[in-house]
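What follows is a set of notes on a single structure, which appears directly below.
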Amino acid sequence: MQVKGLGKWSALALVALVLLAAGCSKPQAKAQTAQVTKPEIADNAIDPAEWGKVYPEQYELWQMTSQPTLPTKTKYKHGYEVGVDPRPDKLDEYPFLALLYNGWGFGLEYKEPRGHYFMVQDQLEVDPGRKKAGGSCLACKTPYAPMLRNEMGAAFYSTPYKDVLAKLPADKQSLGVACSDCHDSRTLDTRISRNFTLGRALKDIGVDATKLSRDDRRTLVCAQCHVTYVIPKDKDMNSTDVVFPWAGSQRGHITIENIIKFIRSNPAHLEWKQAVTGFKMGFIRHPEYELFSNGSPHWAGGVTCSDCHLPQVTMNGKKVSDHRITSPLKSDLKACVACHQEAPDSLRKKVYAIQDRTVSLFLRTGYATATVAKIFEMANKANAEGKKVDPALYAQAKEAYEEAFYRLVFIGAENSVGFHNPQESLRVLGDAQKYAAKADATLRQAMKSAGVPVPVKVDLQLSKYLNERGAKKLMFHPEREIKDPFEGK
């Protein structure tokens, strides 16, 4: 049938556009007709086994987060095998990070995490230098965190990590995120359990946590942990809080620019000293929610985190949400084909193409930023020798360098390798590259005025940073380094 006023091919194009739009929009939920049986779970029950008595399918799926995933299912976020520990360390994959993070815990070890089941276990296994922040490290890792924060008050953050963990039942000290983190025990509705972090942050962006829709909660329960945060320090560098740096942003528009502004707004937000430059710095951790919610195509289409990471599956003849909570790539893109008409192999290629572009720019920007850090090391040495590097140019270069560093870390710490928001990822990295180039040129000019030559190609001395880190003496494995996917093309 031909649409009036349109030619045959125009009509077909219109149909194609409609189908494309439908593929990027969340499908309408079917009306629920069955009565939901009131769960028989004790109020405030934390032990997931208690929930499993009422919801055995979900519990069994949640337990599967302890099982390995095959490395062949992803290109950049690898799986692991039982009895072997090939979990990539980001410092080996992206060697420039070992230089940039040298001076604190992330420069000792930065392994990719395993499933939710291992959230606390992964912390217990890392180098001790990674746990100096105290109890604040447990703010999202253990389901007992809200109770601990309630009972301990501000001491929760500064008390040594193992002392806080010792307050929990012995058999639950390694328990990772569980049912109570995301669900109300009476209604099974998703809920915000961490008002001491996310609840405050929502107020900062003008969101009333008591008026959230069901779809809001299906994303925000994930945003209790899959966000960046700042751990403010007192004069003795003890942790005093866990704060999401959202002030000044808006819902759907939490920008890297405002995150950087927040970090720089208070000296207490500078958590560590970068060894190679001597600068006190802040940090950015896994900002999945911030990147995804900043106008991404899926966010604009009304898609929630749960739609992609907890899709419907059949378990024991029942339709339930897949509580393995993993990347759609690792579950053969079953969540994607619920909306998209393309074959999984075609969708996988598109995901890889996005990630390839992100990694290519991340690598180039990372090495450029690391080069500037090494030139600052030269400048600091020249100043110490009385060669008087121009202070105004030095300050300008420092400003640009930090802008590059925070943007680089923002994308490097985010776990989708750019996929959660492809356009924003490339924008942030592109800006980082420009800031790194500005810092490089300005600092070279300052060094020239002091009569200190800087080689065109700076030796980053990566083996120094990679092979002498951490109590475990982790060694650099060149064969595991991620190469630029566009190199030579």
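Positions are given from 1 along the sequence.
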Item to check | Residues, nucleotides or ligands: over 12 heavy atoms within 6.0 Å of Gln423 CD | outcome: no

Item to check | Side-chain touch Thr326/His309, heavy atoms, less than 4.5 angstrom | outcome: no

Item to check | Donor-acceptor pair between Gln274 and Tyr401 side chains, under 3.5 angstrom | outcome: yes

Next on the checklist: Quick check for you: to the nearest 0.5 Å, what is the distance between Ile325 atom CD1 and His226 atom NE2?
Outcome noted: 8.0 Å

Next on the checklist: Does any part of the side chain of His286, heavy atoms only, come nearer than 4.5 Å to the side chain of Val227, both counted from C-beta?
Outcome noted: no

Next on the checklist: Could you go through Arg186 and Asp43, starting from their C-alpha distance and side-chain angles, then the distance that decides it, and tell me whether this counts as salt bridge (Lys or Arg N to Asp or Glu O under 4.0 Å)?
Outcome noted: CA-CA 7 Å; Arg186 287 187 173 274; Asp43 287 348; 2.9 Å; yes

Item to check | Sole residue of Arg285, Lys280, Lys233 in salt bridge (Lys or Arg N to Asp or Glu O under 4.0 Å) with Glu271 | outcome: Arg285

Item to check | Thr255 side chain near Asn258 side chain, heavy-atom distance below 4.5 Å | outcome: yes

Checklist entry - For Tyr161 and Gln123, does a side-chain donor sit closer than 3.5 Å to a side-chain acceptor? => result yes

Checklist entry - Is the closest side-chain donor-acceptor distance between Asn294 and His253 under 3.5 Å? => result yes

Item to check | Val221/Arg191 under side-chain contact (heavy atoms from CB on, under 4.5 Å): CA gap, chis, key distance, verdict | outcome: CA-CA 7 Å; Val221 291; Arg191 71 180 185 111; 5.8 Å; no

Next on the checklist: For residues 133-146, which residue pairs pass the side-chain hydrogen bond (donor to acceptor under 3.5 Å, both in side chains) check, not counting sequence neighbours?
Outcome noted: none

Item to check | Stepwise salt bridge (Lys or Arg N to Asp or Glu O under 4.0 Å) test for Lys319 and Glu57 | outcome: CA-CA 9 Å; Lys319 282 278 189 182; Glu57 289 77 26; over 6 Å; no

Next on the checklist: Does Glu257 form a salt bridge (Lys or Arg N to Asp or Glu O under 4.0 Å) with Arg407? I'd like the steps, not just the answer.
Outcome noted: CA-CA 9 Å; Glu257 286 78 13; Arg407 285 168 171 79; 3.5 Å; yes

Checklist entry - Got a donor-acceptor contact below 3.5 angstrom from the Thr74 side chain to the Tyr76 backbone? => result no

Item to check | Polar contact flag, side-chain donor to acceptor under 3.5 angstrom, Asp208-Thr210 | outcome: yes

Next on the checklist: Working to the nearest 0.5 angstrom, can you tell me the gap between Arg251 CZ and Leu202 CG?
Outcome noted: 8.0 Å

Item to check | Interatomic spacing from CG in Leu361 to CG in Asp356 - rounded to 0.5 Å | outcome: 12.5 Å

Next on the checklist: Measuring only between side-chain heavy atoms, which start at C-beta, is Asn195 closer than 4.5 Å to Arg200?
Outcome noted: no

Checklist entry - Residues in ring pair (Phe, Tyr, Trp, His ring centres under 6.0 Å) with Tyr465, at least two apart? => result none

Next on the checklist: Ring-plane angle category for Tyr101 and Tyr110, please: parallel below 30°, perpendicular beyond 60°, tilted otherwise.
Outcome noted: tilted

Checklist entry - So Lys438 and Glu399, salt bridge (Lys or Arg N to Asp or Glu O under 4.0 Å) or not? Walk me through it. => result CA-CA 10 Å; Lys438 179 180 179 181; Glu399 172 79 14; over 6 Å; no

Next on the checklist: Check for me whether Arg114 meets the cation-pi criterion with Phe118, that is, NZ or CZ under 6.0 Å from the six-membered ring centre and within 45 degrees of the ring axis.
Outcome noted: yes

Checklist entry - Can we call the ring centroids of Phe283 and Tyr406 under 6.0 Å apart? => result no

Checklist entry - Can you check ring pair (Phe, Tyr, Trp, His ring centres under 6.0 Å) on Phe376 and Phe279, steps first, answer last? => result CA-CA 10 Å; Phe376 269 113; Phe279 301 153; 5.0 Å; yes

Item to check | For Val243 against Pro232, the heavy-atom pair lying closest together | outcome: CG2-CG, 4.0 Å

Checklist entry - CD1 of Ile254 to OG1 of Thr228: how many Å apart, nearest 0.5 Å? => result 10.5 Å

Item to check | Interatomic distance, Ile411 atom CD1 to Ile256 atom CD1 [nearest 0.5 angstrom] | outcome: 7.5 Å

Checklist entry - Taking C-beta and beyond as the side chain, do Lys273 and Met281 meet within less than 4.5 Å on heavy atoms? => result no

Checklist entry - So, for Phe96 and Phe362, is the gap between ring centers shorter than 6.0 Å? => result yes

Next on the checklist: With a 4.5 Å cut-off on side-chain heavy atoms, are Tyr157 and Arg149 touching?
Outcome noted: yes

Checklist outcome for this item: Across all chains, not counting sequence neighbours, the salt bridge (charged side-chain N to carboxylate O under 4.0 Å, His left out) partners of Glu288 are none

Checklist entry - Which atom names give the shortest non-hydrogen contact between Ala413 and Ile284, and what distance separates them? => result CB-O, 3.6 Å

Checklist entry - Among all residues two or more places apart in sequence or in another chain, which pass the ring pair (Phe, Tyr, Trp, His ring centres under 6.0 Å) test with His269? => result Phe262

Item to check | Closest approach of Leu100 to Ala370 (non-hydrogen atoms, all atoms of both residues) | outcome: CD2-CA, 3.9 Å

Checklist entry - For the residue pair Tyr59 and Trp62, does the interplanar ring angle fall in the parallel (under 30°), tilted (30 to 60°) or perpendicular (over 60°) class? => result parallel

Checklist entry - Do other residues, nucleotides or ligands put more than 12 heavy atoms under 6.0 Å from Asn44 CG? => result no

Checklist entry - Within a reach of under 6.0 Å around NZ of Lys167, are more than 12 heavy atoms found that belong to other residues, nucleotides or ligands? => result no

Next on the checklist: Can you give me the closest heavy-atom contact between Gly103 and Trp272, atom names plus distance?
Outcome noted: C-CE3, 4.3 Å

Checklist entry - Between Ser193 and Gln224, does a side-chain contact (heavy atoms from CB on, under 4.5 Å) hold up when you go through it step by step? => result CA-CA 8 Å; Ser193 60; Gln224 295 180 110; 3.1 Å; yes

Next on the checklist: Going by side-chain hydrogen bond (donor to acceptor under 3.5 Å, both in side chains), name the residues that satisfy it together with Ser360, two or more places apart in sequence or in a different chain.
Outcome noted: Arg364, Asp484

Item to check | Any side-chain heavy-atom pair of Glu109 and Leu91 under 4.5 Å | outcome: no

Next on the checklist: Checking Trp246 now: which residues fulfil ring pair (Phe, Tyr, Trp, His ring centres under 6.0 Å) with it, not counting sequence neighbours?
Outcome noted: Phe244, Tyr289

Checklist outcome for this item: For Val242 and Thr197, the nearest pair of non-hydrogen atoms, with its separation, is O-CG2, 3.8 Å

Item to check | Worked check of side-chain contact (heavy atoms from CB on, under 4.5 Å) between Val164 and Met152 | outcome: CA-CA 9 Å; Val164 176; Met152 299 177 67; 4.1 Å; yes

Checklist entry - Does the side chain of Ser416 come under 3.5 Å of the side chain of Glu414 through a donor N or O and an acceptor N or O? => result yes

Next on the checklist: Using every non-hydrogen atom in the two residues, find where Ile41 and Ala45 come nearest and quote the distance to one decimal.
Outcome noted: CG2-CB, 3.8 Å

Checklist entry - Atom CD in Gln67, atom OG1 in Thr65: separation rounded to 0.5 Å? => result 9.0 Å

Item to check | Stepwise side-chain contact (heavy atoms from CB on, under 4.5 Å) test for Leu291 and Phe419 | outcome: CA-CA 10 Å; Leu291 183 66; Phe419 179 77; over 6 Å; no

Checklist entry - Do Ser321 and Gln312 get their side chains close enough for a donor-acceptor pair, meaning under 3.5 Å? => result yes

Checklist entry - Does any non-hydrogen side-chain atom of Glu125 lie less than 4.5 Å from one of Lys111? => result no

